[in-house]
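Each chain gets a letter, A, B and so on, in the order the sequences are listed, and its residues count up from 1.
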2 protein chains.
Amino acid sequence: MSASPTSKPRARRQTLEARPYHHGDLRRVLIDAALQLAAEGADVSVREAARRAAVSPGAPFRHFPNRDALMAAAAEEAQRRFRTEIEAALGDAPAADPLLRFRAFGLAYLRWAMRNPAHFEIISTGRYFAHGSSVELTRDNAELIALTEQMLADAAAQGLLRSADLKPIQIAGRALVYGFARMNLDGHFPRWGVEEGEIERMAEEVIDLFIAGIAKR
Amino acid sequence: MSASPTSKPRARRQTLEARPYHHGDLRRVLIDAALQLAAEGADVSVREAARRAAVSPGAPFRHFPNRDALMAAAAEEAQRRFRTEIEAALGDAPAADPLLRFRAFGLAYLRWAMRNPAHFEIISTGRYFAHGSSVELTRDNAELIALTEQMLADAAAQGLLRSADLKPIQIAGRALVYGFARMNLDGHFPRWGVEEGEIERMAEEVIDLFIAGIAKR
DNA sequence: CCCCAAATGTAATCGTCGATTACATAAAGA
DNA sequence: TCTTTATGTAATCGACGATTACATTTGGGG
């Protein structure tokens, strides 16, 4: 009965193609649309996200004060996925050897960045929104950094490192993986992608080279 | 006589405030305006560049088919300056020691990137124009890379390196400086800029750490 | 010297975007 | 049920990239 085309507009939610006036969870759908657009390589516009959510161009601004806020929310979601994968990799790594854990961290970092370049870009580049505007993003990132600092401190405590000055090691390590990820992102690895896994293999070599460079031997 | 306000419009070029219909070298002025806008942290728009050149919004398109072409031309100019500084630094470096030359290269690279972040971004990021669209930029960059490869090959020939596998060393070195430059650019060095030279000192430490890691000892 | 063609600038216009405002509709609670 | 609040729509604005038709200047061949 409710499927009758002549029924009054109330209870219209039952018919599949007629979306109810209120969207289920527009905020979430907009974030997903933004991430999807980025992953497709398209430039992310609020209007296009609204279009994908089948909603008017002004609707997103009920949930985000401006475009940057949408991008920041998308970045937070991407960062959450990133962090989840990193922590899974660390869960599989041996607890005893800090340098192996360091290696596992770097590998997981680069693997994710290689496979989700656009999301990595949103997280890292600070161009889509003011860099300190998302406290969650900042805190999350700080925690990951603290993780690597702890691993390096453990390694030093076990006498595994050649130098006791941890700060340059920490910075260099971050710069190395960050730079590798961004080189891939910015198109500085011209034709490697043709053979699948070539870049990830090179990432592994580079990480091992770095660890060999800082390790005592 | 020519200053008379009733004089005919011809020979108007004499009066300073009345620009002649034809701009002197609009193409060059637009490139400079684009670089200046980038350096100021503003987003570069064709219209704003035209405004700074005191010219109509459509005029730039007589010299560049689209915005990306203007950005590419600006990138070429920035890359020219970048390369000039690198080569000057290499000119001052000792010709005999390839690792010292490598170090000088890295230092000059990072110094320039720290002091001209927006220009470095335009050069490197491939977001402002298709990455292979400028043959000059591509060639120029390839030559700089070839320079570092030569330095590493020389170092290996002199038995200065711990490993004979140069490719990972080359990639890691690029990733390291590129990552350091981009971390600075993307706001990942929170409050270091307050004390002038702090970042550049850290850059030096990081480069030395890398060289110590690859050198035989 | 003049005229014409090429180069180069202007004016007007289009479609897209971010953003704001006034209004409409649904949901929730007293 | 009535009213408040949340959430969507419609209309509009200004900036932007881009295109088109037109205007002005310049420079070279008769």
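Under the rule for a ring-ring contact (aromatic ring centres under 6.0 Å, His included), A:F102 has no partner lying at least two apart in sequence or in another chain. Residues satisfying the ring-ring contact (aromatic ring centres under 6.0 Å, His included) test with A:F210, not counting sequence neighbours, are none. Applying the side chain to side chain donor-acceptor pair (under 3.5 Å) rule to B:E76 yields the partners B:S134; only residues at least two apart in sequence or on another chain are considered. Residues satisfying the side-chain contact (heavy atoms from CB on, under 4.5 Å) criterion with A:V177, sequence neighbours excluded, are A:Y109, A:L110. Judged as a side chain to side chain donor-acceptor pair (under 3.5 Å), and not counting sequence neighbours, the contacts of A:R80 are A:E77.
Under the 4.0 Å criterion applied to side-chain N and carboxylate O atoms, B:E204 and B:R201 are not assigned as salt-bridge partners.
Residues B:R62 and A:P65 both approach DNA chain C. Their nearest nucleotides, taken by heavy-atom distance, put B:R62 toward the 5′ side.
Remark: P of C:dA19 and CG of A:L70 are 10 Å apart, rounded to the nearest angstrom. In this structure, A:D25 atom CG and D:dA6 atom P are separated by 16 Å, rounded to whole Å. Spacing between atom CG of B:D43 and atom P of C:dG18 amounts to 13 Å, rounded to whole angstrom units. Rounded to whole Å, the distance from CG on A:L30 to C1' on C:dG18 is 14 Å. Spacing between atom CZ of A:R52 and atom P of C:dC17 amounts to 12 Å, rounded to whole angstrom units.
Contact check, B:H63 against C:dA7: no side-chain N or O comes under 4.0 Å of OP1 or OP2.
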Review item, nucleotides 13-17 of chain D N/O atoms under 3.5 Å of protein N/O:
residue : atom : partner : partner atom : Å
D:dC16  : OP2  : B:R51   : NH2          : 2.5
D:dG17  : OP1  : B:V46   : N            : 3.0
D:dG17  : OP2  : B:V46   : N            : 3.1
D:dG17  : OP2  : B:R47   : N            : 3.1
D:dG17  : N7   : B:R47   : NH1          : 2.6
D:dG17  : O6   : B:R47   : NH1          : 3.4

